[in-house]
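Here is how names work: the chains are called A, B, and so on, in the same order as the sequence lines, proteins then strands, and each is numbered from 1. Quick caveat: nothing in here was measured; it's all calculated off a predicted structure.
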There are 2 protein chains.
Amino acid sequence: MPTSAATARLAFEVVKTACSNCNLRELCLPIGIEPEDLKKLDELVSTRRRLKRGDHLYRAGQGFASIYAIRSGFFKTDVLIEDGRDQVTGFQMTGELLGLDGISSEVHTCNAIALEDSEVCVIPFLHLEGLSRQIHTLQHHFHKVMSREIVRDHGVMMLLGTMRAEERLAAFLLNLSQRFKARGYSPAEFNLRMSRDEIGSYLGLKLETVSRAFSRFQEDGLLAVHQRKIRILNTDGLRKLMTHQRS
Amino acid sequence: MPTSAATARLAFEVVKTACSNCNLRELCLPIGIEPEDLKKLDELVSTRRRLKRGDHLYRAGQGFASIYAIRSGFFKTDVLIEDGRDQVTGFQMTGELLGLDGISSEVHTCNAIALEDSEVCVIPFLHLEGLSRQIHTLQHHFHKVMSREIVRDHGVMMLLGTMRAEERLAAFLLNLSQRFKARGYSPAEFNLRMSRDEIGSYLGLKLETVSRAFSRFQEDGLLAVHQRKIRILNTDGLRKLMTHQRS
DNA sequence: CCCCGCGTTTGATCCACGTCAACCCGATTG
DNA sequence: CAATCGGGTTGACGTGGATCAAACGCGGGG
């Protein structure tokens with residue numbers, strides 16, 4: 001039941017966007033696309049959506065129609081099972097895509113939740129398929145993005161299957177660091193957007209274990225930790241720790 | 001350096017195949033494709049490859065050019081890291097695709113190894129992309145397959161992140177059972193193609209733990225186990241065990 | 001037929017992480 | 001400024017699964 005205020009807000013949200021002058025071009029779908037094709041791409045992203053911290057972008061069980069490109073902000077995805085257990089399956093940041101899980105069965109299989117106020121580009125999936133039949137590079141790039149997600153998941157499986165607690169946290173921090181760096185932020189100093197509990201869920205650990213690992217890293221001079229503010233003091237130390245043989 | 005025998009063998013391997021009369025149509029890429037398009041699809045699969053038990057279909061680091069559809073046989077995929085740890089990322093059976101991990105960087109990121117004598121259809125990836133620009137249903141189906149792989153990986157992450165040993169094994173066995181059933185085999189009785197060690201690697205457990213869990217299931221009347229021959233006696237019991245709350 | 005080797009089972013012990021509980025700290029509110 | 005609250009830290013203790021070690025059993029080869 002849209003009030004007039006809600007309608008106005010809705011109209012505001014449906015801002016026309018343009019991939020062709022988006023400063024995320026280098027990170028997002030348009031990678032490597034020719035200028036003349038970029039104009040076609042602009043039709044692809046029909047709307048944007050703004051989300052406040054804590055809002056769901058989509059929920060498990062909802063019908064799937066679009067994927068989403070993050071324009072700004074930070075998300076987590078998680079899956080829950082009836083008995084109450086849940087698993088954070090990923091953290092997504094600017095330029096990354098959300099919703100690929102929904103393609104297989106036309107229904108989303110996980111929840112996507114904004115960890116800070118965020119904005120996403122809505123990409124109707126059928127449009128994307130149509131356009132990628134016309135633009136080879138778009139098609140190929142999209143396939144690469146999906147494949148990269150699969151490779152990423154394999155990395156997480158490796159982490160969950162074979163690493164011990166401190167190795168997992170080191171791998172996690174180095175991964176975040178590298179992704180911040182790729183976006184032009186400091187790779188050494190950043191704010192975590194997620195709680196210890198959410199990190200733990202992602203890494204298959206309890207929040208206390210995560211907290212202890214942070215403390216340990218700080219004692220060992222690898223990190224400076226203040227709440228969610230992290231400064232990496234010894235990247236090589238973290239890297240070595242991550243790759244270390246089991247004793 | 002192909003000898004004449006090797007050449008003959010090679011010629012033999014390069015058998016022309018036809019998706020249009022493959023009895024795996026219902027499981028594999030051709031799902032839902034119109035008869036007239038099926039003929040085009042036949043050109044897609046240029047060759048088959050036969051592998052003996054233990055052979056690598058591809059190795060991590062090798063250039064990527066094709067994906068593979070399993071015509072018969074059974075595979076595992078695994079990733080290794082320098083320090084010697086390895087993680088089995090999946091077990092693949094008839095009708096399933098291998099090699100999707102290679103799309104993202106044009107290089108395979110895991111090893112694919114035949115666990116029994118097997119045969120695969122070689123699908124040159126650029127051909128697949130070309131054809132899926134022409135055949136919408138092929139394009140869509142391929143996207144679904146990639147997405148399904150992502151969803152599957154999330155399930156494994158859930159398993160590795162939140163389940164205890166017996167729950168993992170129960171989930172694993174039920175999954176295998178269901179896949180055998182989908183292929184027309186008995187869901188209750190089947191032969192494992194993999195060792196306890198490989199199961200353990202997949203489930204993030206040591207082989208001893210896997211073995212003990214099998215013994216426990218047998219004591220509890222859930223399974224009959226003889227070496228790698230498994231008979232499921234109480235599917236509901238397994239299912240309940242899998243979904244059970246943590247104590 | 002016996003021997004050998006590998007995959008598996010089983011037992012005893014250990015330890016990394018989970019669990020439970022107390023406390024801390026910064027932000028928020030009345 | 002006290003009271004409250006949610007997230008984070010820290011400590012004490014318990015336990016599930018890892019580790020180490022021994023024995024088993026099947027299949028293959030001499």
Side-chain angles (χ1 to χ4, degrees), chain A residues 53-54 76 84-88 113 115-116 159-173 191-220 223-230 241-242 244-247, chain B residues 53-54 76 84-88 113 115-116 159-173 191-220 223-230 241-242 244-247:
Chain A
R53 193 160 104 86
K76 72 167 178 182
R85 286 184 277 198
D86 77 313
Q87 170 78 25
V88 171
I113 298 152
L115 294 181
E116 60 182 31
L159 180 148
L160 291 171
T162 76
M163 291 186 176
R164 50 188 54 219
E166 294 186 3
E167 296 170 336
R168 295 184 197 189
L169 187 61
F172 172 70
L173 292 172
N191 269 86
L192 297 175
R193 268 66 169 194
M194 69 295 279
S195 69
R196 301 288 189 264
D197 195 33
E198 287 163 333
I199 296 173
S201 172
Y202 182 60
L203 299 179
L205 302 170
K206 292 288 144 176
L207 65 94
E208 294 94 329
T209 306
V210 174
S211 178
R212 279 185 241 271
F214 271 124
S215 302
R216 188 97 209 298
F217 286 176
Q218 202 162 15
E219 283 168 29
D220 296 351
L223 297 181
V225 186
H226 274 298
Q227 312 275 111
R228 298 189 176 184
K229 183 158 200 95
I230 302 290
L241 199 158
M242 185 185 80
H244 203 352
Q245 317 259 20
R246 258 156 216 262
S247 62
Chain B
R53 192 161 105 87
K76 72 167 178 181
R85 286 183 278 197
D86 77 312
Q87 169 78 26
V88 171
I113 298 152
L115 293 183
E116 60 183 30
L159 181 148
L160 291 171
T162 76
M163 291 187 176
R164 48 189 55 221
E166 295 186 3
E167 295 170 338
R168 295 184 198 189
L169 187 62
F172 172 70
L173 291 172
N191 270 86
L192 298 174
R193 268 65 170 194
M194 69 296 281
S195 69
R196 301 287 188 264
D197 195 34
E198 287 164 332
I199 296 173
S201 172
Y202 182 61
L203 299 179
L205 302 169
K206 292 288 143 176
L207 68 94
E208 293 95 328
T209 306
V210 174
S211 176
R212 278 185 242 271
F214 270 124
S215 303
R216 188 97 209 298
F217 286 175
Q218 202 160 15
E219 284 167 28
D220 295 353
L223 296 182
V225 186
H226 273 297
Q227 313 277 112
R228 297 189 176 183
K229 183 159 198 93
I230 302 289
L241 199 159
M242 184 184 79
H244 204 351
Q245 317 259 20
R246 259 155 215 261
S247 61

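Which of C:dT19, C:dG26, C:dT8 sits closest to the side chain of A:Lys206 comes down to C:dT19. Of all nucleotides listed (C:dC17, D:dG16, D:dT9), C:dC17 comes nearest to the side chain of A:Arg164. When distances are taken from the side chain of B:Ser195 to each of C:dG7, C:dC17, D:dA18, the shortest belongs to C:dG7. If you check D:dT9, D:dC20, D:dG17 against the side chain of B:Leu205, the one that comes closest is D:dG17.
If you take CD1 of A:Ile230 and C1' of D:dG8, they are 12 Å apart, rounded to a whole angstrom. Per the geometry, CD1 belonging to B:Ile199 stands 12 Å off C1' belonging to C:dG7, to the nearest Å. A straight line from CZ of A:Arg216 to C1' of C:dC17 spans 14 Å, rounded to a whole angstrom. The NZ-P distance, from A:Lys229 to C:dA27, rounds to 13 Å in whole Å. In this structure, A:Arg212 atom CZ and C:dC15 atom C1' are separated by 14 Å, rounded to whole Å. Rounded to whole Å, the distance from CE on B:Met163 to P on D:dG16 is 17 Å. Spacing between atom NE2 of B:His226 and atom C1' of D:dG25 amounts to 13 Å, rounded to whole angstrom units. Between A:Arg196 atom CZ and C:dC25 atom P the separation is 15 Å, expressed in whole Å.
In this structure, B:Arg53 places its CZ atom where only 12 or fewer heavy-atom neighbours from other residues, nucleotides or ligands lie under 6.0 Å away.
Of the two residues contacting DNA chain C, namely A:Ala165 and B:Asp197, the nearest-nucleotide position lying further toward the 5' end is that of B:Asp197.
At a threshold of 4.0 angstrom between heavy atoms, the contacts of B:Gly200 with the nucleic acid are absent. At a threshold of 4.0 angstrom between heavy atoms, the contacts of A:Leu207 include nucleobase atoms, whether or not backbone atoms are also involved. Residue-level contact check: B:Arg228 touches the backbone only, with heavy atoms under 4.0 Å from sugar-phosphate atoms and none from bases.
Over its full length, the helix from C:dC1-D:dG30 to C:dG30-D:dC1 turns its helical axis through 30°, comparing axes from the five pairs at each end and rounding to 10°.
Atom CD in A:Glu166 sits 10.5 Å away from atom CG in A:Leu205 (nearest 0.5 Å).
Residues A:Met194 and A:Lys76 form no side-chain contact, since every pair of their non-hydrogen atoms from C-beta on lies 4.5 Å or further apart.
One finds no side-chain N or O of B:Thr209 lying less than 4.0 angstrom from the OP1 or OP2 phosphate oxygen of D:dG17.
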